[in-house]
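Computation of the quantities below employed the complete heavy-atom set of this structure, encompassing side-chain atoms and omitting hydrogens, waters and symmetry-equivalent molecules. First listed ligand is number 1; within each ligand, the first listed atom is number 1.
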Amino acid sequence: MTVIEKLLPRPSVMGVVNVTPDSFSDGGVFLHPQAAITEARGMMDEGAAIVDVGGESTRPGSEGVSLEEELGRVVPVLEALFDVPVSIDTSKAEVARHGLEAGAVLVNDVTALRGDPDLAGVVADSDACVCLMHMLGEPRTMQDEPRYDDVVSQVKAFLEERLDFATAAGIDEERICLDPGIGFGKTVEHNLELLARLDEIVALGRPVLIGASRKRFLGRLLGDAEALTGPVAAGVAVAVLAYERGATIFRAHDVREHVEALTAARALEEVGS
Ligand code: HH2
């Protein structure tokens, strides 16, 4: 079993703790450090394997925040969660460095080490794991008519290239997981195609993380063309089907529901095997 598989065995739920005023589904809810800390501890009690703490929204259209602002939001939360497995959701090397010093065990970078040239070195010099995610363009513009010839093969080629980049930078392959980036520069159809053909991403040989929880494509595929979020049950269904297709880590806001569904899915799988 590799380092990341020990930290996040199949299936693992990663609870989302957004210390932001503007995240798409829970913006402002946990902006106060104590609220975020209480939420994170509650998620661990509900069965999360790790909590993902982020101080910058990546929702479609968002502009990003300054280093000082992001540090001020996440550092007090990370320090208080010293006894909990924490992932730091950032693209900034300096934020990751502070997060790792405060005990974070994973860096979740939605730019897959493209955003800050120093981030790969910060991860390589630590014992931390890293999640490399696919995104087309940047959050500000990514949902402006995203286009692919074949979304699955392009996302796969991108992740393969970023995996090579990370290992060349000195990050042990055993510490890396991959994420096709549901909703990051993708139409409803692109997201569905990626989920339906997830085995092609799993074939890269690294653990695969899926973050579909509450995302707008779920609301849109249920018929609301203007939806900005999606219902919990639809996200749980996607997580279970992605689990069946080989994904192992599930980034979710509603931890209890995901843990319950994935525990049942796992029990069924064990009987069948
Ligand atoms: N989705 C979001 C943020 N970070 N990281 C990974 N690896 N995969 C994802 O799918 C992913 C992610 C967006 O969700 P959320 O954090 O709830 O919203 P916001 O970016 O607006 O804070």
Distance under 6.0 Å and angle within 45° of the ring axis: does Arg162 meet both against Phe165? yes
Between Arg197 and Asp150, does any side-chain N to carboxylate O distance fall below 4.0 Å? yes
ring-ring contact (aromatic ring centres under 6.0 Å, His included) against Tyr148, all qualifying residues, sequence neighbours excluded: His190
Does the ring center of His134 lie less than 6.0 Å from the ring center of Phe158? yes
Write none if no such pair exists; otherwise list each N/O atom of ligand 1 with its protein N/O partner under 3.5 Å and the distance.
| residue | atom | partner | partner atom | Å |
| --- | --- | --- | --- | --- |
| ligand 1 | 1 (N) | Lys215 | NZ | 3.0 |
| ligand 1 | 1 (N) | Arg251 | NH1 | 3.4 |
| ligand 1 | 4 (N) | Asp89 | OD2 | 3.2 |
| ligand 1 | 4 (N) | Arg251 | NH2 | 3.4 |
| ligand 1 | 5 (N) | Asn108 | ND2 | 3.0 |
| ligand 1 | 7 (N) | Asn108 | OD1 | 2.8 |
| ligand 1 | 7 (N) | Asp179 | OD2 | 2.8 |
| ligand 1 | 8 (N) | Asp179 | OD2 | 2.6 |
| ligand 1 | 10 (O) | Gly211 | O | 3.3 |
| ligand 1 | 10 (O) | Lys215 | NZ | 2.7 |
| ligand 1 | 14 (O) | Arg251 | NH1 | 3.4 |
| ligand 1 | 16 (O) | Asn18 | OD1 | 3.2 |
| ligand 1 | 16 (O) | Asn18 | ND2 | 3.3 |
| ligand 1 | 16 (O) | Arg251 | NH1 | 3.4 |
| ligand 1 | 16 (O) | Arg251 | NH2 | 2.8 |
| ligand 1 | 17 (O) | Asn18 | ND2 | 3.1 |
| ligand 1 | 17 (O) | His253 | NE2 | 2.7 |
| ligand 1 | 20 (O) | Thr58 | N | 2.7 |
| ligand 1 | 20 (O) | Thr58 | OG1 | 2.5 |
| ligand 1 | 21 (O) | Phe24 | N | 3.2 |
| ligand 1 | 21 (O) | Ser57 | OG | 2.7 |
| ligand 1 | 21 (O) | Arg59 | N | 3.4 |
| ligand 1 | 22 (O) | Asn18 | OD1 | 3.4 |
| ligand 1 | 22 (O) | Ser23 | OG | 2.4 |

Residue pair Thr263 / Glu260, side-chain donor-acceptor N/O under 3.5 Å: no
side-chain hydrogen bond (donor to acceptor under 3.5 Å, both in side chains) for Thr2 and Glu5? Distances and angles first, verdict last. CA-CA 5 Å; Thr2 65; Glu5 287 164 339; 3.2 Å; yes
